[in-house]
Amino acid sequence: MKSIILDILKKHGKNTINLMDIEQQMPGDAKEKFEKAIWALEDSGILIPKPKKGNRDKGRPIYFIYGINQGLLKMDYISKIHAFQRKAATGIDLKYYLTHSEIIWQKDLPFLNQIDTYLKVYGLPQEEATSAERSYALTQNEKWIDEEGGRKLLDRINLWDKMKISKYPDPLMIAVNREALGKHSHKHLIVENKSTYYLLLDVLKATSFTSLIYGCGWKVVAGLEGIYKQLGIEEDESTFYYFGDLDHEGMAIYNNISDKVNLAIPFYEALLKKEASCGKWNQTKREIVLEAFSNNFEPQDAILIRKQLQAGFYYPQEAIRKEDILEIWRKLECI
């Protein structure tokens, strides 16, 4: 009962409270338990009686209005913050939480633990990265910083300026098929890895694609917007296809650009005919991303993708043979 009232007082956020505001939020316990809990909070100094505002009942009274000693109310909460700060990785500053609601602390705590773990393993970043890449590294959710309040949290703990997040993303490496530039519509293939880029580069001119783009892992997320200026074409003239490693991180990258880019299905179908490799065990499995990704494929392939990745296997881009590249690309041209 006492703990329930404490939670009510913390959420109330004001220096006084009406007894009725507490009672209305209580479960259906006996009146005696409620009174004893109020008296215990009086005795601890957290609730301060306001006798002039009236009381009810005889004997030891229960008052209609109570003051709230915010310092005592927050004592356990402040102790938790100090305990976390003492063991926290270098760079994390929790002063913000000392003067703000415990609700914010509880909401942020899972992310604070993830950031703390990351920094203890890798330290503060030494090189720049896109917000999506840094977000994924910290929380295994590439959209956390830009779309789910991550930047505000990093500001709260004075880490935003130390995260080396690119303000101006690096331009992507693009190979152009000059024969396709004069068309009114354009197709572009983005690949995750450099080795695959160079493998495909040898046959680009034998395709109808306007360009081949090296996505450089997560850099494609921020660099995609600059492609139109790099190529000198209009946005509505282009269709993009993406081909990355068939692993959890490759799927996460695609998930972040899936509203702008299509999957290069024939390349993935070719990968699925190869033998899967032993998984990258440091990658985080996100069921919602795996489900969304696999739903782009025929049922039998979708089942195979889920089965292999859930078992800890993956398919690297490099598994496709050089002699098969053009034939696979031809299938993509027909889509």
Side-chain angles (χ1 to χ4, degrees), residues 111 114-115 118-119 122-155 159-176 186-198 200-201 209-264 267 280 282-284 286 288-289 292-293 296 317:
F111 303 108
Q114 287 179 302
I115 294 167
Y118 176 87
L119 292 179
Y122 300 103
L124 291 170
Q126 300 301 307
E127 297 181 358
E128 283 196 350
T130 65
S131 58
E133 184 176 8
R134 188 71 73 225
S135 184
Y136 185 80
L138 292 173
T139 67
Q140 292 75 58
N141 177 359
E142 68 277 10
K143 298 184 180 182
W144 176 71
I145 287 178
D146 290 330
E147 300 180 26
E148 299 179 14
R151 173 164 185 167
K152 290 182 179 179
L153 189 152
L154 291 171
D155 268 330
L159 271 184
W160 174 253
D161 292 334
K162 300 173 185 176
M163 284 291 99
K164 291 187 177 293
I165 294 173
S166 304
K167 295 180 181 178
Y168 305 103
D170 293 334
L172 297 175
M173 183 188 295
I174 302 176
V176 176
H186 304 276
K187 290 183 178 181
H188 315 271
L189 177 61
I190 303 168
V191 295
E192 181 181 348
N193 301 325
K194 188 186 295 185
S195 58
T196 305
Y197 169 85
Y198 281 110
L200 289 163
L201 184 59
F209 274 62
T210 300
S211 74
L212 172 67
I213 301 163
Y214 169 41
C216 193
W218 283 97
K219 292 187 184 298
V220 68
V221 175
L224 192 59
E225 297 299 328
I227 285 179
Y228 304 106
K229 287 186 178 180
Q230 284 182 263
L231 289 170
I233 57 178
E234 298 298 324
E235 186 171 348
D236 59 0
E237 296 175 346
S238 292
T239 303
F240 290 91
Y241 295 90
Y242 182 77
F243 174 44
D245 287 335
L246 214 173
D247 60 13
H248 291 284
E249 186 160 353
M251 292 189 303
I253 293 171
Y254 174 72
N255 182 61
N256 210 57
I257 57 174
S258 59
D259 58 331
K260 307 179 186 74
V261 177
N262 304 298
L263 277 178
F267 284 98
K280 301 175 182 178
N282 61 334
Q283 291 191 357
T284 299
R286 293 175 59 202
I288 189 171
V289 174
F293 184 90
N296 289 285
Q317 287 184 293

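Considering only heavy atoms from C-beta on, L159 comes within 4.5 Å of L124 through its side chain. Using a 4.5 Å cut-off on side-chain heavy atoms (C-beta onward), L212 and H188 make no contact. At a threshold of 4.5 Å between non-hydrogen side-chain atoms, the residues W160 and I145 count as touching. In this structure, F209 and Y241 have side chains that are in contact, with non-hydrogen atoms separated by less than 4.5 Å. The closest side-chain heavy-atom distance from F293 to N255 is not below 4.5 Å. Two residues are said to be in side-chain contact when any heavy atoms from C-beta on lie closer than 4.5 Å; L200 and F267 meet this criterion. Inter-residue side-chain proximity for M163 and P125 is flagged as met; some heavy-atom pair is nearer than 4.5 Å.
Note: S131 OG to L138 CG = 11.0 Å, rounded to the nearest 0.5 Å. Here CG of D146 is found 12.5 Å from CZ of R134. Values are rounded to the nearest 0.5 Å. In this structure, CD1 on I190 lies 6.0 Å from CZ on F240, to the nearest 0.5 angstrom. The distance from the CG atom of N256 to the OG1 atom of T130 is 8.0 Å, given to the nearest 0.5 Å. We find the NZ-CD distance between K164 and Q126 to be 6.5 Å, quoted to the nearest 0.5 Å. Here the CD-CD distance, from E249 to E142, works out to 9.5 Å after rounding to the nearest 0.5 Å.
A pairwise comparison of heavy atoms in Q114 and Q140 identifies NE2-OE1, 3.5 Å as the closest pair. Scanning both residues, W218 and E133, for their nearest heavy atoms gives CB-CB, 3.3 Å. Smallest separation of non-hydrogen atoms from Y197 and I174: OH-C, 3.9 Å. The two residues E192 and D245 have their closest heavy-atom pair at OE1-N, 2.8 Å. Minimum heavy-atom separation, S135 to N141: OG-O, 2.5 Å. Scanning both residues, Y136 and A252, for their nearest heavy atoms gives CE1-CB, 3.6 Å.
Listed by chain and residue number, T210 satisfy the side-chain hydrogen bond (donor to acceptor under 3.5 Å, both in side chains) test with H186 (two or more places apart in sequence, or in another chain).
D247 contributes a side-chain N or O that, together with a main-chain N or O of G250, makes up a donor-acceptor pair within less than 3.5 Å. Without hydrogens or angle criteria, Y254 side chain to V261 main chain gives a donor-acceptor distance under 3.5 Å. Under a 3.5 Å cut-off, the side chain of S166 and the backbone N or O of E128 do not form any donor-acceptor pair.
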Can you check side chain to side chain contact (heavy atoms under 4.5 Å, CB included) on W144 and L154, steps first, answer last? CA-CA 11 Å; W144 176 71; L154 291 171; 4.2 Å; yes

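Crowding of K260 atom NZ: a count of heavy atoms from other residues, nucleotides or ligands under 6.0 Å exceeding 12.
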What side-chain donor-acceptor pairs closer than 3.5 Å can you find for residues 220-231, not counting sequence neighbours?
| unit_1 | atom_1 | unit_2 | atom_2 | d |
| --- | --- | --- | --- | --- |
| Q230 | NE2 | L172 | O | 3.1 |

